[in-house]
Colleague: 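Below: one structure in structure tokens.
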2 protein chains.
Amino acid sequence: MGIIRKTKAVKILLDLFENEFSAILAVDLVERLKNEMNKTTVYRALDRLEDEGIIHSFVGKNGLKWYAKCKNNCTSDHHNDVHPHFECKKCKKVMCLPVEVTIPNIPNHTIDNTAVFITGICDNCND
Amino acid sequence: MGIIRKTKAVKILLDLFENEFSAILAVDLVERLKNEMNKTTVYRALDRLEDEGIIHSFVGKNGLKWYAKCKNNCTSDHHNDVHPHFECKKCKKVMCLPVEVTIPNIPNHTIDNTAVFITGICDNCND
DNA sequence: AAATTAAAGCAACTGTGTTGCGATATAATA
DNA sequence: TATTATATCGCAACACAGTTGCTTTAATTT
């Protein structure tokens, strides 16, 4: 762990996430890259990038998997990106929101991980 | 809307949710009821019950669909159950938490719906 | 450059959820 | 109660995201 090969697939994906502000659907990546690599390759490379703490994944309302770049020094052991994900009903984009969500104390429960998924209308579409 | 037929499937499902505190996986329902009804029937009856505001659904970390009984006078138009769902890593149960989660204001964003999914260890397993 | 190790490609598969449609049950009406 | 209308059921087939096994190819190591 800690070592990730700079394969063609990894380079392409890294580049893609570098230039993409919003999150990307796994299936969209497969579609966009179908001429450059096999879908198995896409899924496996995404897995590796996530293991390395370079990107993180989450599941949308419909059960589809999204990926977005990590910004908070995540490692293979721990993802620090516990921010909400926001899906705009208009432009359909999904974005990471740079805000903290505080979960109220729940008696006797040990909280391990929190995923917040918000839908609504984003700032861009709200003008 | 507002009228739901008391079919065999609906009765069985209602009874099941009445006696079940935690949420139930759709696939588990299909499995549990496979001798009594077809899986298509299960999915369609669940749809109807959700439309009527009797149960609500959400998606777990793995993309699987969960259903749980509504407790806050939900209607077909609006589900008021905006509580977190908590999955225990030990007993694997998923429960609705009766707490409010406040999402911080996000400039220029219109919030429509919020889904919070928490994983950890529940009170029952924490003793 | 040769050997080692990891990633890529392909095809076939898994599993959840959906759809179309004829058969059947429920409710409305006569 | 018998008849008609309408919604649900069951079945088989399908859609589709994601996975697996295995062989080939590419990236590192020595």
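Values in this document were obtained by computation on a predicted structure and should not be read as measured data. Note: hydrogens, waters and symmetry copies are ignored here, and every other heavy atom, side chains too, is used. So you know, we letter chains A, B, ... as the sequences are listed, proteins then strands, and number each from 1.
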Colleague: Closest-nucleotide mapping onto DNA chain C: is A:V10 or B:D47 further toward the 5' terminus? I mean the 5' end.
Modeller: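 Upstream on the strand: A:V10.
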Colleague: Could you state the CG-P distance from A:L46 to D:dG18, rounded to the nearest angstrom?
Modeller: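 So the CG-P distance, A:L46 to D:dG18, works out to 10 Å.
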Colleague: To 10°, what angle do the rotation axes through the five end pairs on each side of the helix from C:dA1-D:dT30 to C:dA30-D:dT1 form?
Modeller: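 Comparing the first five pairs with the last five, the axes sit 30° apart.
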Colleague: Any idea which heavy atoms bring A:K11 and A:K6 closest together, and the distance?
Modeller: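 It is CE-O, 3.4 Å.
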Colleague: Where the side chain of A:R48 is concerned, which of D:dG10, C:dC10, C:dA8 is the nearest nucleotide?
Modeller: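 That would be C:dA8.
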Colleague: Are B:E18 and B:K69 close enough for a salt bridge, meaning some N to O gap below 4.0 Å?
Modeller: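 Looking at B:K69 together with B:E18, the answer is yes, because their closest N to O distance falls below 4.0 Å.
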Colleague: Scan nucleotides 19-30 of chain C nucleotide by nucleotide, 5' to 3', and note B when protein non-hydrogen atoms come under 4.0 Å of the base, S if they reach only the sugar-phosphate, - if neither.
Modeller: BBB----BS---
Colleague: Find the distance A:I12:CD1 to D:dA27:P and express it as a whole number of Å.
Modeller: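 So the CD1-P distance, A:I12 to D:dA27, works out to 11 Å.
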Colleague: Under 4.0 Å, heavy atom to any atom of DNA chain C: which of residues 24-35 of chain A qualify?
Modeller: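 Hits under 4.0 Å, by residue number: none.
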Colleague: Could you report the tightest heavy-atom contact between A:S22 and A:E20, atom names first, then the distance?
Modeller: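 Where A:S22 meets A:E20 most closely, the heavy atoms are OG-OE2, 3.0 Å.
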Colleague: Would you be so kind as to tabulate the donor-acceptor pairs closer than 3.5 Å made by side chains of residues 23-37 of chain A, with sequence neighbours excluded?
Modeller:
residue: A:E31; atom: OE2; partner: A:K34; partner atom: NZ; Å: 2.9

Colleague: Among pairs that include at least one residue of residues 18-45 of chain B, which meet ring pair (Phe, Tyr, Trp, His ring centres under 6.0 Å), considering only residues two or more places apart or in two chains?
Modeller: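 Sorted pair list comes back empty.
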Colleague: Please give, in whole Å, the distance from D:dA15 C1' to A:N62 CG?
Modeller: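 Rounded to whole Å, this separation is 15 Å.
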Colleague: For A:N38 and C:dG9, what is the distance between atoms CG and P respectively, to the nearest whole Å?
Modeller: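 That distance rounds to 6 Å.
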Colleague: Quick check: on DNA chain C, is the nucleotide nearest B:L64 upstream (toward 5') of the one nearest A:A9, or the reverse? Name the residue that is more 5'.
Modeller: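 Here A:A9 is the residue nearer the 5' end.
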Colleague: Name each donor-acceptor pair under 3.5 Å that joins a side chain in residues 115-127 of chain A to protein atoms two or more places apart or in another chain, with its distance.
Modeller:
residue: A:N126; atom: ND2; partner: B:N108; partner atom: O; Å: 2.7
residue: A:N126; atom: ND2; partner: B:T110; partner atom: OG1; Å: 2.8

Colleague: What pair of heavy atoms forms the shortest contact from B:S57 to B:Y67, and how long is it?
Modeller: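 Heavy-atom minimum between the residues: CB-CE2, 3.5 Å.
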Colleague: Are any of the side-chain heavy atoms of B:L97 and A:H109 separated by less than 4.5 Å?
Modeller: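 Yes. Closest side-chain heavy atoms under 4.5 Å.
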Colleague: Looking at B:Y43, does any N or O in its side chain come under 4.0 Å of the phosphate oxygens OP1/OP2 on C:dG17?
Modeller: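 So the side chain of B:Y43 is within the cut-off, an N or O lying under 4.0 Å from OP1 or OP2 of C:dG17.
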Colleague: Expressed as a whole number of angstroms, how long is the span from A:E36:CD to C:dA7:C1'?
Modeller: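 Going from A:E36 (CD) to C:dA7 (C1'), I get 17 Å.
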Colleague: Specify the closest pair of heavy atoms between A:W66 and A:V59, including all atoms of both residues, with the distance to one decimal.
Modeller: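 Scanning both residues completely, I find the closest heavy atoms to be CD1-C, 4.4 Å.
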Colleague: Count the heavy atoms belonging to other residues, nucleotides or ligands that lie under 6.0 Å from CG of B:N19, then report whether that count exceeds 12.
Modeller: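 Counting neighbours around CG of B:N19, more than 12 heavy atoms of other residues, nucleotides or ligands fall under 6.0 Å, so yes.
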Colleague: With heavy atoms under 4.0 Å as the rule, sort B:K65 into base, sugar-phosphate or nothing.
Modeller: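 Sugar-phosphate, no base atom in range.
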Colleague: What integer distance in Å separates A:F58:CZ from D:dG18:P?
Modeller: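 The answer, rounded to whole Å, is 12 Å.
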Colleague: Compare all side-chain heavy atoms of A:R48 with those of A:E52 and state whether any distance is below 4.5 angstrom.
Modeller: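 No, their side chains stay 4.5 Å or more apart.
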